[in-house]
Amino acid sequence: KDLTITVWAGGSNDSDVYRLDAIEMAADMLTREYAINGEELNITVEKKRDFADWAAFKQAVTLAAEAGDAPNIVVTSHLDIAPWSQAGLIVPVEDYVDMDAWPLNNIYENLIEITSYNGVVYGLPQDAESRPFFFWKDTMKKLGYSDAEIDALPAKVESGEYTLANVLEDAKKAVDMELVEEGYGFYPRVSNGPDYAQFYQSFGGEMLDKETGKLLLDKQAMTDFYQFFVDAVEAKVTRKNHIGTEWDQWYAEVASGKAAMWHGGTWHYARYTGKEGLDDFFGNIQFTLIPAGNENGRANTITHPLAYLLTAQDNEDDVEIAAQLIKIASEPRINTLHAIKSAHLGIAKEQSNIELYANDRWAAEATERLLGQANAQPNHTGYGQFSQIMFKGLETAWTGTRTPAEAVAEVEAEMKATLGDEVIVR
Amino acid sequence: MTSSNFRSWPLFLVLGVISMPLVIMYVYLFVDTVTDTTAGSLIPDRFTLHHWRFLWEEPETGRVSIWTVTLNTFIFAICTTLINVSASVTAGYALSRLNMPFKRFFLGGILTLHAFPTITLIISIFLILQMIGLYNTLIGVILVKTALELPFGIWIMKGFFDNVPWEIEMAGLQDGASRFTVWWKLVLPQVQPGVAALAVFVFLSAWSEFILPQVLAPSGSAQVLSTYLSNLIFDDIKPDFNMFKSVGVFYALPVIVVYLIFNKQLMNIYGGGTKG
Amino acid sequence: MRRAHLLGLGFLSPALAIILMLFLIPVLLTVMFSFTNMSTATGISGGAYEINAASLRKLSDAGAQESFVETLGKEAFVVDDAGITAAAAAYGEQFANEVGSQMLGERFDSRRDLERAFRKLKSRPRSTRDIKKAADLFKRSVLNVRFETAGGLLDAVTGNGIEMTPDQQELLTKTIYTGWTWTSDNFALMAQIPYVWRVAGNTLMYVVLTLAASVGLGLFLAITTFYLPSGTATTFRAIWFFPRILPNVIFVLMWKWLAWDTGFLSSLLGNFGVPPRNWMLDTGANAWVFIVLINGIVGASLGMILFGSAIKSIPQSMLHASEVDGASRWQQIRYIILPQLRWPIMFICAYSTLSLLTSFEYILLSTDGGPGGATEVWSLMAFHTALDNYAGNLQYGLGAAMALMLVIVGILASLVYLRIFNFNDLVAKPRIEQ
Amino acid sequence: MRISIENFTKSFGDTTVIEDMSLEIGDGEMLALLGPSGCGKSTTLFAICGIHRMNAGRLLFGDADVTEVSSQKRNVGVVFQNYALYPHMNVYENIAFPLKVRKESRAEVDRKVQEIADLVHIGELLQRRPVQLSGGQQQRVALARALIRKPDILLLDEPLANLDAKLRLEMRSEIRRIQLATGITAVLVTHDQVEAMSMCDRIAIMDKGRIVQLSTPKDMYENPSSAFVAGFLGNPPIAFLEGTVADGGFRLANSRVTLPVPSGIELPGDGAPIRFGVRPEFFQPGNPLKVSGKVSFVEIQGREELYDVTLENGAVLRSIQAQSAGFRLGEDVSWGIAQDKVLAFGPDGNRL
Amino acid sequence: MRISIENFTKSFGDTTVIEDMSLEIGDGEMLALLGPSGCGKSTTLFAICGIHRMNAGRLLFGDADVTEVSSQKRNVGVVFQNYALYPHMNVYENIAFPLKVRKESRAEVDRKVQEIADLVHIGELLQRRPVQLSGGQQQRVALARALIRKPDILLLDEPLANLDAKLRLEMRSEIRRIQLATGITAVLVTHDQVEAMSMCDRIAIMDKGRIVQLSTPKDMYENPSSAFVAGFLGNPPIAFLEGTVADGGFRLANSRVTLPVPSGIELPGDGAPIRFGVRPEFFQPGNPLKVSGKVSFVEIQGREELYDVTLENGAVLRSIQAQSAGFRLGEDVSWGIAQDKVLAFGPDGNRL
Ligand SMILES: Nc1ncnc2c1ncn2[C@@H]1O[C@H](COP(=O)(O)OP(=O)(O)OP(=O)(O)O)[C@@H](O)[C@H]1O
Ligand SMILES: Nc1ncnc2c1ncn2[C@@H]1O[C@H](COP(=O)(O)OP(=O)(O)OP(=O)(O)O)[C@@H](O)[C@H]1O
Ligand SMILES: [Mg+2]
Ligand SMILES: [Mg+2]
Ligand SMILES: O=P([O-])([O-])[O-]
């Protein structure tokens, strides 16, 4: 039997090729399995990751699916599950594979949770990551932290002893002491992303009301969250015009100790140690959860896994083959190739027992320190708008166009208008 | 300008000064494609062809070869130009010279169509393409691009036809030629500068079209250079801006050549529909 | 109809067909979309009926009785005779017997549990897929099942023994429909969002400033190059025309290279002690300067060519006349050249206003509306809404409504321009009457 | 081929340009349509060749009614004012075009083109483009193109208007020569009287869409039916004297001078305003019927000299004399009018 | 203001258009530059008004060397062939333009425009746009614009070429009248000999960038220095007979006819080829020195008739006669040449 399986991966650069190649490896495996059973199966895997950006990828996938022309497998954010499943573009993976069997039963439960919607498993997590807080050790030492204190930071952050208030304080000190330039005390991400939801959580914000399954706007948390960035700008530890800074420049700066503290993704590790030439990562940088903002909140981090999703096809057999392929691609060994090559975190418990993974200090430590505490953004059809409105509000407060209170009022107005019943304001 | 009453050096000076930033940008754009520069410095360190490796290296997983997309781009731009110019030339003639009902309506409508934000039509265009089975094909994108640019083309061509002396056409009829022969053999050659100008315009515009192929023909076989270029997502692990610029320069070269060859024709665009 | 009319229509038809098909009908569809709540989640071509956690939530919000919602929401797999008969037909007597003997009457809350139970059976089907299918034979609820038609759903619900009043039926099918529905909310929404008004203001500013910049610069270039010897003029024209033919991304990248913290400007000014900064996004004002420059220069390229060729068509003798009449260069420009560029200037203004209203690519690539939404314009907002959403739920309906506003403004503007251009003069009567 | 225009009416929208015109042009005749700008000359021509439809009336070529026949089928050759050569074709191709659309054989075309090119003396220019030709040469090409398919009728719309004086002179005789040589029926539209008179068998003078006089050049020059016609013909133009009938003579306005009236002119009653027209060649020093005035303008034109003489009452008479008459500006002269050549017109402008 | 052009040379790129030309134009004089197309007339004019720089030579207005002075400062008025009116300005603004750029006061401008408009008879048209004017009216506006700032010099580049015959006649006298009235020094460029002769005090005939003869119209008509000049002046043009010197007389080519040579002409030796030029007015039935031929062309021009007579050897002589001479085409005639008016030219074209 000959068939072609098409795989499209969004947002993938050269180190992410295993998102596609893993399917090819799985195809080889599956062919062998079939052969053993005496069935002939020839799978051609058509791979594509040429997309301008996430938006282009999503346009392409949705329109192709509407045209009945969807790729069999897509690698995309778990956030797409909600709208795409409602539109019928994707089918539950649990309808085709045994979730209780290897390797799926080895995947972290919370990750499976993240790729489920309405209690149905729609996709298989393809990788995990997290968005930690970073400290430049040298600066911290100059601020008076001992090596031991620095080593203890992750724990203090986790326990809520070291909060964002301390962040501001230390950052301001660093600027005042001219250890870093103005605006480089705290040096956040330069564009919208899940990272900012972390700060909302730090101040006690929740994105989803567990009980009703509706989105949740916690005005107090939102105001505090905005206020934190406004304070940072006022204290001159963060630049007013920070948003929109070029990524390239940003990477170079944080990897060279120009900033005292910042936050970023786990995959930045590859960039710091690769292109930016930071040889001794662990000697220079400490990483922790995002500290709590105040007593309402907690130290946290968000993981934003990409997932393998199966699209609806006219021919169910093709879907089944595709399902088998993503199942095989989730083998810890295969997934580890991707995790290490692209500096992502693994998806399965057994990966810690695979040398390639275990011997990678970053993967091992980050998994342990971050992944356990990580939550994800909610799978909800309105979350895209929620997140966009939240960030727009942050931007207006940050740049001083509005006060935090005004910004939140605007956010509330817009959320109520666009999300209607689907959002609860608290 | 043949008059000897004005000196040109003051203008040369002023133009030189305001063109400076652009020239510097061009120069650096090009220099960056063949050199490496240490961060923070403005002076390149060494010469290298490394950034042009996409020309000879095998494409990476999930990527298409630059040569395939270059060929696609040529097909796309040339077909768009051909179809657009042919349709503009016939429609422009009809609106300029022929008797027909609802002429005012057509003319006004065509000008007004120009006001539509084409990008937001994409979803609807997608539906139509899917209906007629041209979604995800190069020909579909070509037709869409043509449709969106046609109002401009028709308008310009009508202007050019307006300027052809009626007597030529009358003479043709008198010589026994049919209206069609008159148009094809006598009138069309007169608007050749207009056709050339329009063709250059359409070609340039098609060459740089990006959103339509991206959205309406996402599969690899219909990729064009614009999408290839934007799809070199800035790799955030080991980005190569200089290669990005090299692809950009590679992409721009053909149109620069077209411009340099045809800039005289382009300077004829006035006289088309742009004349009062 | 006269033969001549047929000839005219014949000549027009290729263009007409293409425009109608791929331009006019899409425009009408867009108008239609703007009155829907269409999004990625609703799909474009139509919806289905599915009861799941999310739709149950909607159902209770819509005022359905709690008990009704609860019954619908029960996932239930019941090993009953009907199921066993079906299993016998599909997977053999042996399996059916085994199920019948070991599990009859048992109830499972999820398919996973039933599958697990099946896996313990000796005569179970050997493929995962078949086990799942077999399990589905015992499904006695409609939760998470997708029905293409309302009738299918209702039959299934009743089939599972849930009785519904007609009101409940209607409420159910209406609320859990996954596709799009007609609504005029999009327009009300636009008026309610404070941000929208700011964007409208930005758009006005963008069009006016960019138009002024491109016409001004275009004129300046056309006139200065006109006075230069042809070789020099060609060179300068090329320099200023390239922005139009360079790929957008590359052109914008050049500006970023100029304006970055680590870019040319910062490096250059660094020598004079000016701290580096991102000149493009430093402040709203800076961003505007760059937006206007980038778009203005691209616009000026067209202006330069058009004005240039218009100046070329001014009879030489007229310029000579003004010189012997004593006009200085400035007076020649002011009194002779500029007045004769009236039409091309108006054409460019009309053409560019409409293009600018709907163009956003350079903004998208350079500031993406930032900083803080300072440079977000209407078409960019429509694009963001309809085609660019981080979490993938694209708002086609709202985006179309936003586009529709532009369309209306565009039509009004072109009507004004048609008046100015003296439309009647444009429709000359053919001089050959056959 | 005889052309008959019967009750031709033409309107553009609301304005009627030609109303109920009838005109007969004999076989082999060359007729001039002469008249001021906008009088409807071109419109008439366009109706004959079929580019314009006639709103009413009939058009016959010979005995065939061609009113509803399309241009292409009328077999009429037209030479346009600006030649309307096809700029992208060379001379050969221009001339061959009418044959080409009829798909005549290559050899046939060659032969005919050569023949007609020789007729109009442009045999050596066949490879040139129109822009490489002088005005006169272009004119000849246009003529050749119009003639090559041996049309029944040749129409010329101001064929000489764009030529300079010398060429105009040359082409005038050239066109006439060719028309005579081919024996074709021709209509020449012009507003230059010299052209009309020197080239045509008959002239139709038009004014505001009507034909005001139709006659041979000589007759029209000598017997204009109205002041309009008289003023239109003659170079230098006729001079008019205003006055009234007084005592059976002509009393100059604002003056005591009374001139006798030529015999055969029927005068209206005393005091009625009338006009005398005196052509320059009939106002000469040698003539007997003297009037006095001052030379107010002198123009030397080579072999002739042109004088304006302003009479006491301010009226101006014009005289053309052989060179070397040698009068000077401001000189008082007393020259005579050739009495029997005077033309008298009534107040409505019609000839008395 | 006197104009002196001294050793003027002008090249465009590699081609030298004018070489070492010198020319003096007296104060208040009107000089015609007459010559075939492309001979350098406009180039000379453009050098005088400063639009072109001179490659070599000097230009003096009065005693001032203006070679390096810009157009704007030369105070020269120019009327261009196509008028070059500013289409976006009305007549008033067109005329006022030279004053406006000098920022003269509103009242002053008003006064001057009214004055000059009255001078050229367009006082009522001031509010019209150029497109609303007839050719003649446009011409006058151009003239007014050139004159308004009281230029020292007026240059006219083929001012009448675009007008129809009747208007041309009218404007000719008009321009001359105004030039005389203002006493301005004027240069008229034309290739129409009638224009040159009728309007100017002197004529400079140019050929290929050189001045071949400079003289008064009358003198030039009667004493052309070369066959080129003789052929250029005269309407209808002079006819040439080719032949050789034989027995102290002129032997017609291919013929046995020998004509006596007018006295005062120094003939080259026997057998040398020479040409006789006979103007049409000197070939008349009444003249004694008869030659015989056949009337080969007749043209009736109103008051005159033009005949071509083809002699036995194929040469053509032209005759212009008063109307009603009444010869017919093909008639054998034997008309006479006015022997003392014959012009003889050597093989190089120069007058003998
Ligand atoms: N297509 C048309 N639409 C309206 N009016 C027209 C049209 N063509 C000609 N006319 C009018 O008809 C009248 C006669 O025009 P026509 O061209 O026959 O004049 P003409 O005698 O040839 O003048 P000219 O000597 O200027 O060529 C003019 O008043 C003209 O304005
Ligand atoms: N700008 C120029 N560049 C090159 N050659 C030129 C230019 N201007 C004129 N010439 C050439 O110089 C010669 C003289 O031109 P000029 O315009 O003075 O002729 P003209 O006597 O005015 O002719 P016409 O009667 O046709 O106006 C011509 O051969 C012409 O081709
Ligand atoms: Mg006409
Ligand atoms: Mg000239
Ligand atoms: O790549 P991210 O937007 O998920 O950070």
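Numbered from 1 within each chain, the chains take letters A, B, ... in sequence-line order.
In this structure, Tyr135(B) and Ala60(A) approach most closely via the heavy-atom pair OH-O, 3.9 Å. In terms of heavy atoms, Ala56(A) sits closest to Gln214(B) at CB-NE2, 3.5 Å.
Remark: Tyr18(A) OH is loosely packed, at most 12 non-hydrogen atoms of other residues, nucleotides or ligands lying under 6.0 Å away. Counting heavy-atom neighbours within 6.0 Å of Arg53(B) CZ, excluding the residue itself, gives a total above 12. Within a 6.0 Å sphere centred on CG of Asn315(A), other residues, nucleotides and ligands contribute more than 12 heavy atoms. Phe281(A) CZ: more than 12 foreign heavy atoms inside a 6.0 Å radius.
Heavy atoms of Glu66(A) lying under 4.5 Å from chain B belong to its backbone as well as its side chain.
Most heavy-atom pairs under 4.5 Å with chain B: of the set Asp21(A), Asp69(A), Thr62(A), Leu63(A), this distinction falls to Leu63(A).
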